[in-house]
Amino acid sequence: SRLPELSERKQQHWEIRQVRNDSGSLGLLAIEFSNRKMSSVYTEARDFGITLALAGMVIIACVGVLVGFLLTRRLAIITRTAERVSRGDFSARTDLHSQDELGILARAFDAMTHSLQQNKESLNQSLVALKQREQDLYITLNSIGDAVIATNNKGEIIRMNPAAERLTG
């Protein structure tokens with residue numbers, strides 16, 4: 001029979017062979033080879049790969065944003081606490097307890113503010129005791145009938161009682 005009209009298209013091509021046996025030529029054999037199925041599978045695989053890559057990039061971006069948010073949020077907590085401490089509020093704490101570097105930094109900062117708070121309380125107690133001793137000294141000096149004059153190591157008068165004032169004018 002006649003060969004079909006052979007035309008080369010993008011996804012197919014023809015192979016033409018002479019068919020023979022011992023008695024001679026039996027004719028021509030035309031075989032059409034097509035890449036359509038392979039091209040279709042390639043297109044599907046490519047589209048799946050692109051979809052997978054895009055999904056991966058979206059997931060990576062979301063994880064990046066989430067990690068950035070968590071880091072930024074914890075840094076903001078430490079910063080706000082540091083600002084409170086700088087204004088004299090030594091009771092401020094971060095209360096961050098994670099095991100990473102920011103958690104370690106926050107715990108060290110909380111320990112420092114706790115120590116500062118204890119030092120401030122101790123200083124306040126010492127100041128109250130010192131004021132009480134000053135008041136006791138004032139009462140004692142004012143109760144003594146003899147003249148008392150106190151000087152520093154340079155010889156400058158730093159305190160005298162009323163009897164010394166009357167005596168020296």
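- When the side chains of ILVMFWY residues are joined at heavy-atom separations under 4.5 Å, either directly or via intervening members, V148 and M160 end up in two distinct hydrophobic clusters.
- By the 4.5 Å side-chain criterion applied to Ile, Leu, Val, Met, Phe, Trp and Tyr, F109 is assigned to a cluster that also includes V85, F90, M112, L116.
- With sequence neighbours left out, Q132 forms a side chain to side chain donor-acceptor pair (under 3.5 Å) with D136.
- Taken together through direct or relayed side-chain contacts under 4.5 Å among Ile, Leu, Val, Met, Phe, Trp and Tyr, I149 and L167 form parts of separate hydrophobic clusters.
- For E156, there are no salt bridge (charged side-chain N to carboxylate O under 4.0 Å, His left out) partners at least two apart in sequence or on another chain.
- The salt bridge (charged side-chain N to carboxylate O under 4.0 Å, His left out) search around E101 returns none, not counting sequence neighbours.
- Taking each heavy atom of K154 and N152 in turn, the nearest pair found is N-OD1, 2.9 Å.
- For the pair D110 (side chain) and T113 (backbone), a donor-acceptor distance under 3.5 Å is absent.
- Remark: side-chain polar atoms of T168 are paired, donor with acceptor, to backbone N or O of A164 under 3.5 angstrom.
- Residues R93 and Q117 share a closest heavy-atom pair of NH2-OE1, 3.1 Å.
- Under the 4.5 Å side-chain heavy-atom criterion for ILVMFWY residues, a single connected hydrophobic cluster contains both L102 and V63.
- For L130, there are no side chain to side chain contact (heavy atoms under 4.5 Å, CB included) partners at least two apart in sequence or on another chain.
- Applying the salt bridge (charged side-chain N to carboxylate O under 4.0 Å, His left out) test to R166 and every residue at least two apart in sequence or in another chain returns nothing.
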Which atom pairs, one a donor and one an acceptor, fall under 3.5 Å between side chains of residues 42-52 and the rest of the protein, sequence neighbours left out?
| from | atom 1 | to | atom 2 | distance (Å) |
| --- | --- | --- | --- | --- |
| T43 | OG1 | S39 | O | 2.8 |
| T51 | OG1 | D47 | O | 2.8 |

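- Q18 pairs by the side chain to side chain donor-acceptor pair (under 3.5 Å) definition with S25, not counting sequence neighbours.
- Taking CD1 of I59 as the reference point, atom CG of L54 lies at 11.0 Å (rounded to 0.5 Å).
- Atom NZ of K120 sits about 8.5 Å away from atom OG of S91, to the nearest 0.5 Å.
- The side-chain hydrogen bond (donor to acceptor under 3.5 Å, both in side chains) contacts involving residues 138-147 comprise Y138-N142, where partners must be two or more places apart or lie in separate chains.
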Give every donor-acceptor pair under 3.5 Å between a side-chain atom in residues 69-84 and any protein atom, sequence neighbours left out.
| from | atom 1 | to | atom 2 | distance (Å) |
| --- | --- | --- | --- | --- |
| T72 | OG1 | G68 | O | 2.6 |
| R74 | NH1 | S98 | OG | 2.8 |
| R74 | NH1 | D100 | OD1 | 3.0 |
| R74 | NH1 | D100 | OD2 | 2.9 |
| R74 | NH2 | D100 | OD2 | 2.6 |
| T79 | OG1 | L75 | O | 2.8 |
| T81 | OG1 | I77 | O | 2.8 |
| R84 | NE | D89 | OD2 | 3.0 |
| R84 | NH2 | D89 | OD2 | 2.7 |

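- Closest heavy-atom contact between A163 and I144: CB-O, 4.4 Å.
- A 4.5 Å side-chain heavy-atom check between R159 and L141 finds at least one atom pair inside the cut-off.
- Under a hydrophobic clustering in which Ile, Leu, Val, Met, Phe, Trp and Tyr are joined whenever their side-chain heavy atoms come within less than 4.5 Å, directly or via other members, L29 and L26 fall into the same cluster.
- Tracing side-chain contacts under 4.5 Å through hydrophobic residues (I, L, V, M, F, W, Y), one reaches L96 starting from V67; they form part of the same cluster.
- In this structure, M38 stands alone, with no Ile, Leu, Val, Met, Phe, Trp or Tyr side-chain heavy atom under 4.5 Å from its own, directly or through other members.
- Cluster partners of I104, using a side-chain heavy-atom cutoff of under 4.5 Å among ILVMFWY residues and allowing indirect links: none.
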